[in-house]
*Asks:* 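Mind looking over this structure? Questions follow.
First the proteins, then the strands, lettered A, B, ... as listed; each starts at 1. Every heavy atom of this structure was used, including side-chain atoms; hydrogens, water molecules and symmetry mates were not. As the structure is a prediction and not an experimental result, all values here were calculated from the model.
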There are 2 protein chains.
Amino acid sequence: MTDKQRPHHHGNLREALITAGLDLMEEGGPDALTLRKCAKRAGVSHAAPAHHFNGLISLQAAIIARGHQKFADSMHHAAQQAAPCPQAQLNAICAGYIDFARNHSAVFKFMFLPHDVAMDSLDATTQQELIRDSQASYQILRNACTPFEHNDSVGVSTEIMVWSLVHGYAMLFSSPDKTETPSGPIPEFSQILPKLKLKTEPAP
Amino acid sequence: MTDKQRPHHHGNLREALITAGLDLMEEGGPDALTLRKCAKRAGVSHAAPAHHFNGLISLQAAIIARGHQKFADSMHHAAQQAAPCPQAQLNAICAGYIDFARNHSAVFKFMFLPHDVAMDSLDATTQQELIRDSQASYQILRNACTPFEHNDSVGVSTEIMVWSLVHGYAMLFSSPDKTETPSGPIPEFSQILPKLKLKTEPAP
DNA sequence: ATTAGAAGTTGACACTGTCAAGATGAATGT
DNA sequence: ACATTCATCTTGACAGTGTCAACTTCTAAT
């Protein structure tokens with residue numbers, strides 16, 4: 001029993017299930033995510049996941065939370081390699097946004113589905129993770145927009161505009177295959193963003 | 001048997017299944033769409049749909065096609081009630097776009113999922129419907145953008161910009177419940193669209 | 001050392017999509 | 001009018017799914 005071949009405890013089954021689930025989703029789309037297949041990949045029985053997730057819905061929520069972590073990483077990484085001025089930062093974060101949508105398109109789109117998920121139907125751990133990680137990733141884009149925020153009366157929130165623009169672009173044109181539409185090639189987002197009337201000077 | 005209670009032929013089962021499927025999806029989200037439940041609503045046996053759709057994937061595709069029809073109707077209807085000038089038309093069509101996303105949010109989001117659907121796995125009828133109806137709805141927004149299209153060298157396609165902006169807005173902020181975010185209320189899209197630098201004069 | 005509880009297993013159930021085989025009825029050709 | 005053909009629908013079966021209950025095994029705290 002020095003190196004027990006099959007310890008009764010997996011050790012970190014919750015993590016293993018999330019990882020397996022992410023892989024399954026990227027391999028075969030949202031419908032390929034199955035509790036039983038995750039269990040099989042983790043080497044446990046089909047009912048073992050029930051001790052870590054409150055049903056399939058919670059595993060999906062945990063995968064969305066993990067997706068938000070990677071999403072935030074992608075934006076942060078892009079921002080760190082850009083010049084520190086607000087324009088360059090916002091551009092980089094949008095690029096990180098779109099990179100993630102391109103490189104993890106299945107998970108990305110799954111993250112922004114109409115998951116009319118009742119928060120209280122999730123186990124506490126997953127619920128906390130989801131709230132924390134999703135708010136953290138939202139905050140990145142939000143922060144990058146604040147230097148351009150309008151202070152005057154009726155100005156429309158910069159954050160809403162940029163978010164709509166980059167999200168729509170990512171959703172519509174970030175499938176790895178569809179790089180063009182009937183009306184010609186899709187331009188890079190860095191060409192589109194300047195077309196928004198943003199405040200050019202940070203708040204004094 | 002004068003008025004046969006159960007004619008062997010349903011008469012228009014394909015239509016009945018699409019209608020039932022649309023209802024199911026709007027009632028309970030994408031996962032509530034089930035071949036067997038559609039069959040039950042239409043009053044036929046669980047295997048009857050197989051004679052009209054090449055599997056669940058084809059029924060889903062047919063529902064997406066029908067969604068595109070309603071989508072196009074929503075945009076057309078809004079456009080007809082607006083002034084005939086390009087600005088008012090584009091504004092109205094975007095409003096119709098967002099109205100549809102609000103009123104049929106489940107179907108709308110289902111329409112724009114990563115349906116990596118192999119077109120040749122659909123039955124011929126459904127495949128034709130999907131291509132025809134989706135292209136028709138795309139064409140509406142496309143046409144409304146042409147008066148603003150840049151003719152000069154490196155201009156970015158107006159269609160791509162407007163499409164990204166309105167689609168992102170619809171996706172992010174058109175859930176009937178979420179009408180506000182941590183950063184305040186969501187403005188109407190009619191306030192956002194003018195923030196795009198569009199060509200103000202139609203082509204001479 | 002005992003015990004309470006967490007972690008995992010086994011077995012069952014209802015529901016799903018899909019297939020095969022048969023039954024029914026409408027349409028067509030002679 | 002009759003026979004044939006074929007689309008349509010039914011019945012029955014199968015594997016896969018999520019979920020629940022009962023049980024076993026191990027961990028950890030008293």
Side-chain angles (χ1 to χ4, degrees), chain A residues 1-18 20-21 24-25 27-63 110 115-118 121-126, chain B residues 1-18 20-21 24-25 27-63 110 115-118 121-126:
Chain A
M1 287 265 232
T2 51
D3 68 332
K4 18 183 171 181
Q5 311 178 351
R6 275 286 190 93
H8 182 71
H9 275 46
H10 178 283
N12 204 353
L13 182 53
R14 190 171 192 278
E15 270 302 306
L17 290 171
I18 293 176
L24 280 171
M25 197 173 301
E27 292 168 13
D31 292 340
L33 174 64
T34 284
L35 278 176
R36 288 171 117 101
K37 280 193 275 196
C38 287
K40 180 162 283 185
R41 288 210 179 190
V44 295
S45 75
H46 70 265
H51 293 271
H52 295 273
F53 298 102
N54 185 12
L56 175 62
I57 188 71
S58 286
L59 176 56
Q60 290 172 329
I63 285 175
F110 188 71
H115 300 292
D116 313 312
V117 47
S121 74
L122 305 178
D123 50 282
T125 305
T126 303
Chain B
M1 288 258 237
T2 51
D3 68 331
K4 19 182 169 181
Q5 312 178 352
R6 277 288 190 93
H8 182 69
H9 274 46
H10 177 283
N12 204 353
L13 183 53
R14 189 171 193 277
E15 270 301 307
L17 290 170
I18 293 176
L24 281 171
M25 196 172 303
E27 290 169 14
D31 292 340
L33 175 65
T34 283
L35 277 176
R36 287 170 117 101
K37 279 192 275 195
C38 288
K40 180 163 284 185
R41 289 211 177 189
V44 295
S45 75
H46 69 264
H51 294 271
H52 295 272
F53 298 102
N54 186 12
L56 175 63
I57 188 71
S58 286
L59 175 57
Q60 290 172 329
I63 285 175
F110 188 72
H115 299 293
D116 314 311
V117 46
S121 75
L122 305 178
D123 49 282
T125 305
T126 303

*Asks:* Would you mind telling me which residue lines up with the more 5' stretch of DNA chain D, B:H46 or B:G11, judged by nearest nucleotide?
*Replies:* B:G11
*Asks:* Measure the distance from CG on B:L59 to P on C:dG17 and round it to the nearest whole Å.
*Replies:* 9 Å
*Asks:* For the pair made of CG in A:D123 and P in C:dA7, what is the distance, rounded to whole Å?
*Replies:* 12 Å
*Asks:* Is there side-chain contact between B:H52 and B:I18, with at least one heavy-atom pair below 4.5 Å?
*Replies:* no
*Asks:* Would you say A:H52 reaches C:dG8's phosphate, i.e. side-chain N/O to OP1/OP2 under 4.0 Å?
*Replies:* yes
*Asks:* Looking at CG of A:L24 and CG of A:L33, how far apart are the two atoms once the value is rounded to the nearest 0.5 Å?
*Replies:* 6.5 Å
*Asks:* Starting at atom CG of B:L13, determine the distance to atom C1' of C:dG25, rounded to an integer number of angstrom.
*Replies:* 15 Å
*Asks:* As an exercise, state the distance from OG1 of A:T126 to CD of A:Q60, rounded to the nearest 0.5 Å.
*Replies:* 11.5 Å
*Asks:* Base, sugar-phosphate alone, or nothing: which one does B:T34 contact when heavy atoms must sit under 4.0 Å apart?
*Replies:* sugar-phosphate
*Asks:* Could you check if a side-chain atom of B:H51 sits within less than 4.5 angstrom of a side-chain atom of B:L13, using non-hydrogen atoms only?
*Replies:* no
*Asks:* How many Å lie between CG on B:D31 and C1' on D:dG18, as a whole number?
*Replies:* 12 Å
*Asks:* Confirm from the modelled atom types if A:R36 and D:dG16 form a donor-acceptor pair under 3.5 Å, side chain to base only.
*Replies:* no
*Asks:* What is the distance from CZ of B:F53 to C1' of C:dC19, rounded to the nearest Å?
*Replies:* 19 Å
*Asks:* Round to a whole Å and report the spacing from CG of B:L24 to P of C:dT16.
*Replies:* 10 Å
*Asks:* Could you give the CG-to-C1' distance, from A:N12 to C:dG8, as a whole number of Å?
*Replies:* 15 Å
*Asks:* On DNA chain D, nearest-nucleotide positions of A:L33 versus A:H51: which is more 5'?
*Replies:* A:L33
*Asks:* Under 4.0 Å between any heavy atoms, over every strand shown, what does A:K40 touch: base, sugar-phosphate, or nothing? Just pick one.
*Replies:* nothing
*Asks:* Find the distance B:L35:CG to C:dT18:P and express it as a whole number of Å.
*Replies:* 6 Å
*Asks:* Find the distance between CG (B:L59) and CG (B:L17) and round it off to the nearest 0.5 Å.
*Replies:* 6.5 Å
